[in-house]
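All remarks here apply to the structure that follows.
Convention: sequence-line order gives letters A, B, ...; per-chain numbering from 1. Remember, it's a predicted structure, so these values are computed and weren't measured experimentally.
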There are 2 protein chains.
Amino acid sequence: MPTGTTKPRERFDALDEQTQARWLVPAEAEFCEYGFEKASLNRIITRAGESKGRTYHYFADKGALFCATLERRVRHDDFIDQFRKAASASDAREYWLELTALCARLTKTLQGDGRLASLLRTLHREAAAQQSFAEPLAAIRGSIDDLLIAGQSIGAVRDDLPITLLTEVALNLIATLDRWFALNGSTLSEEAEAALSQRAFLLLMAPLLPPRSTEAMSI
Amino acid sequence: MPTGTTKPRERFDALDEQTQARWLVPAEAEFCEYGFEKASLNRIITRAGESKGRTYHYFADKGALFCATLERRVRHDDFIDQFRKAASASDAREYWLELTALCARLTKTLQGDGRLASLLRTLHREAAAQQSFAEPLAAIRGSIDDLLIAGQSIGAVRDDLPITLLTEVALNLIATLDRWFALNGSTLSEEAEAALSQRAFLLLMAPLLPPRSTEAMSI
DNA sequence: GGCTCATTTAGACTGGTGGTCTAAAGTCGA
DNA sequence: TCGACTTTAGACCACCAGTCTAAATGAGCC
């Protein structure tokens with residue numbers, strides 16, 4: 001490493017968009033096709049028409065390239081607004097209606113952007129990818145934490161279990177539903193899938209709602 | 001390959017237990033420490049004091065070795081009984097009590113056998129591992145399908161969503177809970193963890209129960 | 001014992017991996 | 001024009017999973 005003033009990441013961010021795309025376009029294609037571990041950095045470099053030295057000058061490692069690729073696709077600004085809106089709901093009904101809308105929008109976004117969906121699935125499946133995306137991921141978890149805490153304060157979300165556990169459950173349920181529809185959606189008609197997808201939201205809601213008395217009894 | 005009569009797997013199964021252990025013991029240690037992808041077959045072979053030729057004579061590939069390693073640890077006979085018992089419950093209350101017991105037992109088993117827990121977590125996390133364990137995994141999914149269908153017939157389990165979706169959700173919830181406790185359990189006292197773990201079972205139950213009317217309304 | 005033929009075995013070898021290193025080329029202020 | 005620093009190309013490294021060849025071994029059979 002040089003005198004220590006600039007890090008690969010800063011150097012890359014300073015590049016103009018077009019130059020950045022030289023790596024990010026082939027990288028996205030590669031990561032979408034092969035996932036993280038099986039993606040070949042050598043192949044990406046070759047397809048980018050770049051050299052190894054230059055590549056490692058701008059990226060600390062394979063994970064940093066994946067991170068940059070994912071960050072370019074992800075546009076969370078709009079979602080943050082909807083998060084805030086849901087968090088400021090004044091009763092349980094409004095809260096869950098907002099979350100329903102948010103989820104529907106997420107679904108639509110993923111359906112409209114196959115590349116993003118693919119990268120996110122890779123992120124969810126591969127531990128190595130999660131590691132390189134650790135900070136953004138922690139921020140997302142934090143946002144969900146906040147959202148659930150807001151839900152608790154109006155009685156929309158159970159408060160008999162640790163927040164981080166609920167967040168983990170919610171995050172993994174979303175990923176599970178997404179994956180199931182990605183695998184099984186093709187066997188359904190367009191409308192059937194939409195209807196089912198809406199109903200499947202109940203699966204996400206159910207474990208987050210305050211428990212019913214009958215459940216508590218049975219333990 | 002030889003005349004085609006015997007396959008690597010058959011050859012390995014024909015070996016006596018002690019000889020099998022020459023591979024399986026170091027393989028288990030390696031897979032537990034590094035997971036599937038990052039485990040080094042070369043290292044396993046070296047630690048086993050075996051040669052590459054002999055190893056590939058008994059195992060088709062790295063996945064086959066992982067499969068054999070996992071199969072040795074997994075003792076599902078006893079669980080099958082409990083599955084059957086739950087499936088033959090005559091009302092919802094009995095059904096869920098049985099499942100509670102089954103889950104408690106699973107928890108205890110995993111706590112008592114760290115190696116098994118580690119291998120199962122690897123299986124859940126890494127797609128490549130799942131691929132080599134595909135048939136057993138399909139069998140497990142089938143068993144859960146059956147269990148849920150039995151639950152539906154006595155009104156213990158919702159029937160407004162595809163069974164395979166419910167199974168996937170259940171399987172992933174179990175894995176999520178297990179992982180959360182593996183990561184966060186150390187910060188809890190023994191009793192607190194046990195109590196919490198029992199309460200967390202509600203998270204698994206909730207999405208499987210027939211929906212309450214208020215939920216259905218809010219959609 | 002010998003002969004034959006198939007199986008078993010050791011380990012060199014292959015084409016790939018992510019990542020490092022060196023030395024040349026470029027850049028820029030004085 | 002010099003010197004100091006940054007950027008760049010690509011040879012190189014250790015290691016990977018998996019293949020291949022040629023020697024060793026073993027089982028029947030004479």
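A/His57 NE2 to A/Thr6 OG1: the interatomic distance, rounded to the nearest 0.5 Å, is 6.5 Å. We find the OG1-CG distance between A/Thr176 and A/Leu204 to be 10.0 Å, quoted to the nearest 0.5 Å.
Taking side-chain N and O atoms only, A/Ser40 has no distance below 4.0 Å to OP1 or OP2 of C/dG16. In terms of phosphate contacts, B/Tyr58 brings a side-chain nitrogen or oxygen within less than 4.0 Å of OP1 or OP2 of C/dT9.
One interatomic measurement links the two molecules: NZ of B/Lys62 to P of D/dC16, which rounds to 9 Å at whole-angstrom precision. C/dT7 atom C1' lies 18 Å from atom CZ of B/Phe12, rounded to whole Å. Atom OH in A/Tyr56 sits roughly 21 Å away from atom P in C/dA23 (whole-Å rounding). Rounded to whole Å, atom C1' of C/dT9 lies 15 Å from atom CZ of B/Phe59. If you take NZ of A/Lys38 and P of D/dA17, they are 13 Å apart, rounded to a whole angstrom. Going from atom CD of A/Glu30 over to atom C1' of C/dT17 covers 12 Å, rounded to whole Å. Across the protein-nucleic acid pair, A/Glu37 atom CD and D/dC16 atom P stand 14 Å apart, rounded to whole Å. Distance, A/Leu15 CG to D/dT8 C1': 13 Å, rounded to whole Å.
Note: A/Phe36 and A/Phe31 have parallel aromatic rings, judged against thresholds of 30 and 60 degrees for the angle between ring planes.
Within 6.0 Å of the CZ atom in A/Arg105, the count of heavy atoms belonging to other residues, nucleotides or ligands exceeds 12. Within a 6.0 Å sphere centred on CD of B/Gln131, heavy atoms belonging to other residues, nucleotides or ligands number 12 at most.
Nearest-nucleotide positions on DNA chain C for A/Gly53 and A/Asn42 put A/Asn42 closer to the 5' end.
Of the candidate nucleotides D/dT8, D/dG18, C/dT8, C/dT8 has the atom nearest to the side chain of B/His57. Distances from the side chain of B/Asp61 to the nucleotides D/dG18, C/dG18, C/dA10 place D/dG18 closest. Of the candidates C/dT17, D/dA9, D/dC16, the closest approach to any side-chain atom of A/Ser51 belongs to D/dA9. The B/Arg54 side chain lies nearest to C/dT9 when the options are D/dC16, C/dT9, D/dA9. With D/dA17, D/dT8, C/dG19 as the candidates, the nucleotide lying closest to the side chain of B/Lys52 is D/dA17.
Counting non-hydrogen atoms under 4.0 angstrom, B/Ala39 reaches the backbone sugars and phosphates but no base.
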